[in-house]
Amino acid sequence: MSNDPFDIDQCYTVSPNWSIVNCTTPAQYFHVLRRQIVRPYRKPLVVMAPKGLLKSPAAVSTLDDMGPGQQFKPILDDPATMERPDQVEKVVFVSGKLYYDLVKERAVKGLDDRIALVRVEELSPFPRNELEEMVDQYNYAREYVWCQEEPENAGAYAFMAPRLSQLIPRNEKLQYIGRPAMAAPASGISSRYRAEQAQLIQDALSL
């Protein structure tokens, strides 16, 4: 439903019909709402942030994050790997609350310096320049992954894959890690859902 071009070279020649965001911090949520108000034009804003993050102790921001000089960031780099990007072997692109599950499990596995978790906070307009900067920064990586908890035919994968694949090195393939395509948004069986969730997290963090 977005008119974002598939050809990323045309990203900034077409103004998409709406903005779609999936914020993971209070500061990001604050700044995207403020941006919506102060812009000199009006365009629909779709915020896909789940209620669960409102009470998550991990999803926090400082007052400085919301202060002068700060603004909404379409992409959030990984604070655990940004200082030593040459150590990163795998880059996982993720959007939304799944990021926090991945961070927790990555720490348990002791892989904080080897796997970068890059948050895509704005899906449309496609943040080509910011994503290109991330790919260039982690140029020693051998694997590039899009990870989501939704089924393959849902979530952001179908939108992001053809565009993100144009940014990663030509000799690499963007891998998909998530649930297989389904006729329903979820299995509906809690035990099965938890098993699927645990498996996709393990797959995303395997080297």
Side-chain angles (χ1 to χ4, degrees), residues 2 4-9 11 20 22 24 48 74-82 84-124 126-187 192-207:
S2 170
D4 242 316
F6 278 94
D7 183 352
I8 62 171
D9 290 334
C11 275
I20 303 174
N22 196 355
T24 57
M48 300 192 300
I75 299 296
L76 291 181
D77 196 2
D78 190 334
T81 59
M82 60 192 303
R84 300 191 65 184
D86 57 312
Q87 302 292 316
V88 171
E89 301 173 31
K90 185 175 189 176
V91 179
V92 178
F93 297 98
V94 61
S95 188
K97 67 183 181 65
L98 178 60
Y99 164 78
Y100 293 104
D101 296 332
L102 292 170
V103 166
K104 183 178 179 180
E105 185 62 23
R106 183 183 63 176
V108 171
K109 290 177 170 291
L111 297 173
D112 283 346
D113 59 338
R114 298 173 64 190
I115 299 178
L117 302 174
V118 176
R119 279 174 281 180
V120 180
E121 300 278 293
E122 184 165 50
L123 302 162
S124 179
F126 180 74
R128 184 195 71 188
N129 289 350
E130 292 85 354
L131 283 170
E132 190 171 30
E133 183 180 331
M134 291 295 100
V135 172
D136 290 343
Q137 176 175 302
Y138 296 113
N139 59 348
Y140 286 94
R142 303 193 309 263
E143 295 182 78
Y144 299 86
V145 168
W146 176 266
C147 184
Q148 65 179 36
E149 53 189 344
E150 299 89 354
E152 188 173 3
N153 57 334
Y157 175 69
F159 177 84
M160 293 295 294
R163 297 169 173 85
L164 190 51
S165 294
Q166 298 174 57
L167 290 174
I168 64 176
R170 291 183 180 275
N171 59 329
E172 301 291 347
K173 180 181 179 182
L174 181 67
Q175 301 175 44
Y176 168 76
I177 293 179
R179 289 175 168 81
M182 298 171 62
S187 62
R192 181 174 178 178
Y193 179 88
R194 289 193 296 270
E196 292 171 346
Q197 191 79 354
Q199 186 61 55
L200 71 87
I201 290 173
Q202 292 301 316
D203 291 345
L205 300 176
S206 65
L207 287 174

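All heavy atoms count here, side chains included; hydrogens, waters and symmetry mates do not. When a residue number appears, it is its place in the shown sequence, counting from 1.
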Contacts table for residues 104-113: side-chain donor-acceptor under 3.5 angstrom, sequence neighbours left out:
| from | atom 1 | to | atom 2 | distance (Å) |
| --- | --- | --- | --- | --- |
| E105 | OE2 | Q202 | NE2 | 3.1 |
| R106 | NE | D112 | OD1 | 3.1 |
| R106 | NH1 | D78 | OD2 | 2.5 |
| R106 | NH1 | I115 | O | 2.6 |
| R106 | NH2 | D78 | OD1 | 3.4 |
| R106 | NH2 | D78 | OD2 | 3.4 |
| K109 | NZ | Q202 | OE1 | 2.8 |

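- Counting heavy-atom neighbours within 6.0 Å of Y193 OH, excluding the residue itself, gives a total above 12.
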(request) Quick one: do I75 and V120 satisfy side chain to side chain contact (heavy atoms under 4.5 Å, CB included)? Show the steps, please. (result) CA-CA 5 Å; I75 299 296; V120 180; 4.0 Å; yes
(request) Before giving the answer on side chain to side chain contact (heavy atoms under 4.5 Å, CB included), spell out for Y176 and M160 the whole-Å C-alpha distance, their side-chain angles and the decisive distance to 0.1 Å. (result) CA-CA 11 Å; Y176 168 76; M160 293 295 294; over 6 Å; no
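- A side-chain donor from one of Q197 and R179 sits under 3.5 Å from a side-chain acceptor of the other.
- Between the CD atom of E149 and the CD1 atom of I201 there is a distance of 8.0 Å, given to the nearest 0.5 Å.
- L117 CG to Y99 OH: the interatomic distance, rounded to the nearest 0.5 Å, is 6.5 Å.
- Y144 places none of its side-chain heavy atoms less than 4.5 Å from the side chain of Q175.
- Here the straight-line distance linking atom CG of L174 with atom OH of Y157 works out to 6.0 Å at 0.5 Å rounding.
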Contacts under 3.5 angstrom, residues 128-137 side chains, donor-acceptor by atom type, not counting sequence neighbours:
| from | atom 1 | to | atom 2 | distance (Å) |
| --- | --- | --- | --- | --- |
| R128 | NH1 | I8 | O | 2.9 |
| Q137 | NE2 | D77 | OD2 | 2.8 |

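- Between P151 and P180, the shortest heavy-atom contact is CB-O, 3.4 Å.
- With rounding to the nearest 0.5 Å, the separation of CG in L98 from SG in C147 is 4.5 Å.
- For Q148 against A156, the heavy-atom pair with the smallest separation is OE1-N, 3.2 Å.
- Between A204 and V92, the closest heavy-atom pair is O-CG2, 3.7 Å.
- A pairwise comparison of heavy atoms in M82 and P85 identifies O-CD, 3.5 Å as the closest pair.
- Here the closest non-hydrogen pair linking P74 and P127 is CB-CB, 3.8 Å.
- Distance OH/Y138 to NZ/K90: 15.0 Å, rounded to 0.5 Å.
- Under a 3.5 Å cut-off, the side chain of R163 and the backbone N or O of D4 do form a donor-acceptor pair.
- Rounding to the nearest 0.5 angstrom, the gap separating the CZ atom in F159 from the CD1 atom in I20 is 6.5 Å.
- In this structure, a donor-acceptor pair under 3.5 Å is present between the side chains of E121 and T24.
- Side-chain atoms of S165 do not come within 3.5 Å of backbone N or O of P162 as any donor-acceptor pair.
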